[in-house]
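As the structure is a computational prediction, the values presented were derived from the model and not from experiment. Chain A is the first sequence line, chain B the second, and so forth, proteins listed ahead of strands; every chain is numbered from 1.
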Number of protein chains: 2
Amino acid sequence: MKENTCPTDTYLCLTPERVADILDEMPPDEQLYDLAELFKIFGDSTRIRILYALFEAEMCVGDIAQLLGLSQTAVSHQLRVLKINKLVKGRKEGKIVFYALADEHVRRIIDQGMEHIAE
Amino acid sequence: MKENTCPTDTYLCLTPERVADILDEMPPDEQLYDLAELFKIFGDSTRIRILYALFEAEMCVGDIAQLLGLSQTAVSHQLRVLKINKLVKGRKEGKIVFYALADEHVRRIIDQGMEHIAE
DNA sequence: ATATCATATGAACAAATGAACATATGAAAG
DNA sequence: CTTTCATATGTTCATTTGTTCATATGATAT
């Protein structure tokens with residue numbers, strides 16, 4: 001038998017103490033679920049492109065659509081998703097709605113992702 | 001007519017110069033596509049839980065499964081996804097495979113996400 | 001009022017995705 | 001060799017997701 005392995009009751013390599021430690025450090029499942037939901041929003045190239053466009057400045061729906069070569073409907077749908085998840089905010093001026101990034105977290109999360117890509 | 005609006009050829013509120021600027025700042029679509037793919041990986045609570053467990057230490061497949069109350073098959077499938085996308089790395093020791101976070105980007109991306117959640 | 005413009009919404013459909021099943025490697029022990 | 005154990009893979013299936021179409025809202029102008 002190998003020296004490295006450390007069988008316990010039911011675990012192959014973890015001691016009960018370590019199991020307790022790890023479970024203790026883990027955030028509650030509900031929070032991890034919300035976190036996954038957040039990343040799910042970033043996990044679509046259309047939404048990423050919209051967010052990246054908004055990096056530069058606030059923009060109205062039609063211009064985003066034209067800029068990215070998307071239909072107005074598609075953009076509106078995705079902006080709704082982004083707004084619900086607090087990644088963008090809308091400012092209405094007459095019939096035009098200007099959208100902008102909700103906060104700097106959005107930029108930072110995307111930047112971190114970019115760094116990983118460019119490894 | 002409102003003073004804020006600035007119609008150009010085809011855009012509602014963007015000047016052609018700004019359009020050029022924005023498009024210039026945008027990474028190529030292929031890169032944004034890859035970025036979305038990366039976030040897609042984080043956008044699943046099972047994978048997030050696995051990654052969080054690996055925050056503490058490297059672990060073998062069976063122990064991860066037991067720790068999180070998942071089937072071995074499910075964990076293996078997700079570890080495969082995580083490995084392909086370079087979020088975890090595997091180290092084989094006999095018949096046991098120990099998985100660990102591939103690099104610190106993973107932790108940082110998740111931490112940034114957590115900060116956003118806790119706003 | 002009506003017309004037009006910007007955006008939003010709802011329904012329907014195709015594509016992607018995660019989970020569960022069975023099965024297949026591949027390594028150590030007898 | 002065969003058996004057992006840890007992990008990996010393939011396939012099917014139900015669900016989710018993004019897009020498109022048609023339509024609705026809401027604001028400005030005539």
Practice problem: Mind checking the CD-NZ spacing from Gln78(B) to Lys83(B)? Nearest 0.5 Å is all I need. | Solution: 15.0 Å

Exercise. Return no unless some side-chain N or O of Lys92(A) is found under 4.0 Å from OP1 or OP2 of dT7(C).
Key: no

Exercise. Give the rounded distance in Å between these two atoms: CD of Glu93(A) and P of dA6(C).
Key: 14 Å

Exercise. Kindly compute the distance separating SG (Cys13(B)) from CZ (Arg18(B)), expressed to the nearest 0.5 Å.
Key: 11.5 Å

Quiz item: Val97(B) has a side chain; which of dG18(C), dT7(C), dT7(D) sits nearest to it?
Solution: dT7(D)

Quiz item: Is a donor-acceptor pair below 3.5 Å formed from side chain Gln72(A) to base dA6(C), judging by atom type as modelled?
Solution: no

Quiz item: Would you say the side chain of Leu51(A) lies within less than 4.5 Å of the side chain of Leu101(A), judging by non-hydrogen atoms?
Solution: yes

Self-check item: Pairs where residues 95-111 of chain A contributes a residue and the test side chain to side chain donor-acceptor pair (under 3.5 Å) is met, not counting sequence neighbours
Solution: Glu104(A)-Arg107(A)

Report each atom pair, protein N/O against N/O of nucleotides 1-5 of chain C, whose distance is under 3.5 angstrom.
none

Under 3.5 Å, which donor-acceptor pairs do the side chains of residues 20-43 of chain B form with other protein atoms, sequence neighbours left out?
| residue | atom | partner | partner atom | Å |
| --- | --- | --- | --- | --- |
| Glu37(B) | OE2 | Lys40(B) | NZ | 3.1 |

Self-check item: Spacing of CZ belonging to Arg80(B) relative to CG belonging to Asn85(B), to within rounding of 0.5 Å
Solution: 10.5 Å

Quiz prompt | Position toward the 5' end of DNA chain D (nearest nucleotide), Thr73(A) or Lys40(A) | solution = Lys40(A)

Quiz item: dA6(C) P sits how many Å from Tyr11(B) OH, rounded?
Solution: 14 Å

Quiz item: In whole Å, what is the span from the NZ atom of Lys89(A) to the C1' atom of dT7(C)?
Solution: 20 Å

Quiz item: dA8(C) phosphate, OP1 or OP2: any side-chain N/O from Tyr99(A) under 4.0 angstrom?
Solution: yes

Quiz prompt | Interatomic distance, Cys60(B) atom SG to Ile96(B) atom CD1 [nearest 0.5 angstrom] | solution = 5.5 Å

Self-check item: Tyr11(B) backbone acceptor or donor facing Asp63(A) side chain under 3.5 Å
Solution: no

Exercise. Would you check if Asp44(B) and Val81(B) make a side-chain contact, meaning some heavy-atom pair closer than 4.5 Å?
Key: no

Practice problem: For DNA chain D, find the residues of residues 43-56 of chain B with a heavy-atom distance under 4.0 Å and give them by number; none if there aren't any. | Solution: none

Self-check item: Nucleotide dA19(C), atom P - distance to CZ of Arg80(B) in whole Å
Solution: 15 Å

Quiz item: Nearest heavy-atom pair of Lys89(A) and Ala102(A): which atoms, and what distance?
Solution: NZ-O, 4.0 Å

Exercise. Look at the side chain of Ser71(B) and decide which nucleotide, out of dA19(C), dA20(C), dT17(C), has an atom nearest to it.
Key: dA20(C)

Quiz prompt | Of Val97(B), Leu54(B), Val75(B), the residue whose pairing with Met59(B) passes side chain to side chain contact (heavy atoms under 4.5 Å, CB included) | solution = Leu54(B)

Self-check item: Spacing between Leu70(B) atom CG and dC21(C) atom C1', to the nearest angstrom
Solution: 16 Å

Quiz item: How close or far is atom P of dA27(C) from atom CZ of Phe98(B), stated in whole angstroms?
Solution: 16 Å

Practice problem: May I ask you to verify if any side-chain N or O of Gln78(B) is less than 4.0 angstrom from the OP1 or OP2 atom of dA19(C)? | Solution: yes

Practice problem: Give the rounded distance in Å between these two atoms: CG of Leu14(A) and C1' of dA6(D). | Solution: 15 Å

Contact list (N/O, under 3.5 angstrom) for nucleotides 11-13 of chain D vs protein:
none

Quiz item: Which residues within residues 61-69 of chain A lie with some heavy atom under 4.0 Å of an atom in DNA chain C?
Solution: Val61(A), Gly62(A)

Quiz prompt | Verdict with supporting geometry, Leu79(B) and Ile64(B), side chain to side chain contact (heavy atoms under 4.5 Å, CB included) | solution = CA-CA 10 Å; Leu79(B) 283 171; Ile64(B) 297 172; 4.2 Å; yes

Practice problem: Measure from CG on Leu79(A) to C1' on dG18(D) and round the result to the nearest Å. | Solution: 14 Å

Quiz item: Would you call Arg49(B) and Leu70(B) a side-chain contact if the rule is heavy atoms closer than 4.5 Å?
Solution: yes

Quiz item: Within a strict 4.5 Å, meaning less than it, do heavy atoms of the Arg47(A) and Leu87(A) side chains meet?
Solution: no

